[in-house]
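Here the structure is laid out as structure tokens; the discussion comes afterwards.
Atoms within each ligand, like the ligands themselves, are counted from 1 in listed order.
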Amino acid sequence: MSWTHEFKDALKTREDLSEFFETDFPEIKFPLFIPKVFAAKILMAGPDSPLWKQFLPHSEEDSNLGRLDPIGDKVHAKNNQLIHRYENRVLFTPTTVCPVLCRYCFRKNELSEKDEIFDQKFKEAIAYLTVNPEINEVIFTGGDPFILSNEKLALYIQEFSEVESIKYIRFHTRTPVILPSRIDEGLLAVLTSASALFKRCMVMIHVNHVSELTEDVRDAIALLNENHIEVFSQSVLLKGVNDTTEDLYNLFSELADLKVKPYYLHHPDEARGAMHFYMGLEEGRRIFAPLHNKLPGWALPQYIIDIPGGEGKTSAFNPESFEFNGSLINRNGEKVKIN
Ligand code: SF4
């Protein structure tokens with residue numbers, strides 16, 4: 001079956017889930033979407049597994065705790081497609097569609113928006129990059145950019161390559177884990193041509209637990225490696241999913257063996273509907289610190305936190321103290337109070 005068929009053959013309602021998993025799930029306001037091919041892995045892993053907890057709905061999603069836009073995307077949105085938070089780089093959001101809907105997602109309050117508005121805005125995005133030459137990197141995110149067709153990806157890549165200042169191109173994606181069949185010949189050809197058009201072309205795979213690295217996912221990563229595509233990873237620290245040093249060690253050491261550079265470990269965001277995955281900074285620091293003793297520096301990701309309200313990323317690990325005094329340093333070097 002092609003990846004598009006696997007993608008379309010999905011569980012989308014509470015009734016679909018109940019039938020497939022033979023379990024009752026709570027009625028929640030956030031949308032549901034799990035391709036059956038991935039749902040089968042969740043079913044095999046069982047109800048206490050990191051897979052189940054990440055992708056199946058929980059009654060706490062209806063809690064009013066947390067923020068609707070926890071990292072301040074809307075503060076830095078330039079039009080419907082670009083988010084310009086840092087001087088040298090932009091997030092490009094060509095789609096709101098994902099290969100799965102993760103229950104912890106910090107964008108879960110935006111993912112129901114329609115895609116059509118995005119197409120109309122692409123010309124504005126190119127114009128913005130042209131008059132802001134300090135921007136040298138475009139990061140495709142979403143939604144998930146690998147859900148776009150190869151033709152559409154190739155078109156965007158070509159257009160960006162014609163903006164002289166853009167040197168680097170990066171794809172943030174969860175698709176290789178959810179639908180590894182997406183890493184097919186056509187996509188590999190698109191990525192290979194992007195590698196020739198830019199100084200660096202990078203794929204950043206979102207993966208949170210070693211149990212997500214099943215045989216087919218490893219094969220997909222091997223294909224990226226064989227085609228000389230640089231592969232990095234980003235993970236989110238999540239309560240009840242990967243909140244022990246051992247969980248993180250197993251994940252990062254396995255990724256390193258697969259020739260994937262662990263790049264970011266995100267502290268969980270205070271996202272509305274995902275606060276049951278949240279933990280304080282002190283707890284996160286205590287989980288992360290022992291990794292310095294267990295992993296080589298090149299296999300240790302940066303542990304970072306997005307300061308709420310659009311202040312940007314900063315280091316979440318303070319080597320001088322586990323205790324959190326209530327303020328973080330933003331990208332302008334100023335202290336910002338957070339909860
Ligand atoms: S794939 Fe990414 S953007 Fe989509 S729901 Fe999951 S975490 Fe959110």
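- Considering Arg170, Arg200, Lys199 in turn, Arg170 is the only one that fulfils the side chain to side chain donor-acceptor pair (under 3.5 Å) rule with Glu137.
- Residues Leu251 and Ile304 do not share a hydrophobic cluster, clusters being chains of Ile/Leu/Val/Met/Phe/Trp/Tyr side chains in contact below 4.5 Å.
- Of all the atoms in ligand 1, the ones that sit under 4.0 Å from a non-hydrogen atom of Arg174 are 1 (S).
- For atom 2 (Fe) of ligand 1, the choice among His206, Arg103, Gln54, Gln234 with the nearest heavy atom turns out to be His206.
- The salt bridge (Lys or Arg N to Asp or Glu O under 4.0 Å) search around Glu323 returns Arg286, not counting sequence neighbours.
- Applying the salt bridge (Lys or Arg N to Asp or Glu O under 4.0 Å) criterion to Asp184, with sequence neighbours excluded, gives Arg182.
- Note on Cys102: counted as a metal contact of atom 6 (Fe) of ligand 1, an N/O/S atom lying under 2.8 Å.
- Residue contacts with ligand 1, taken as heavy atom pairs separated by less than 4.0 Å, involve Val100 solely via the backbone atoms N, CA, C and O.
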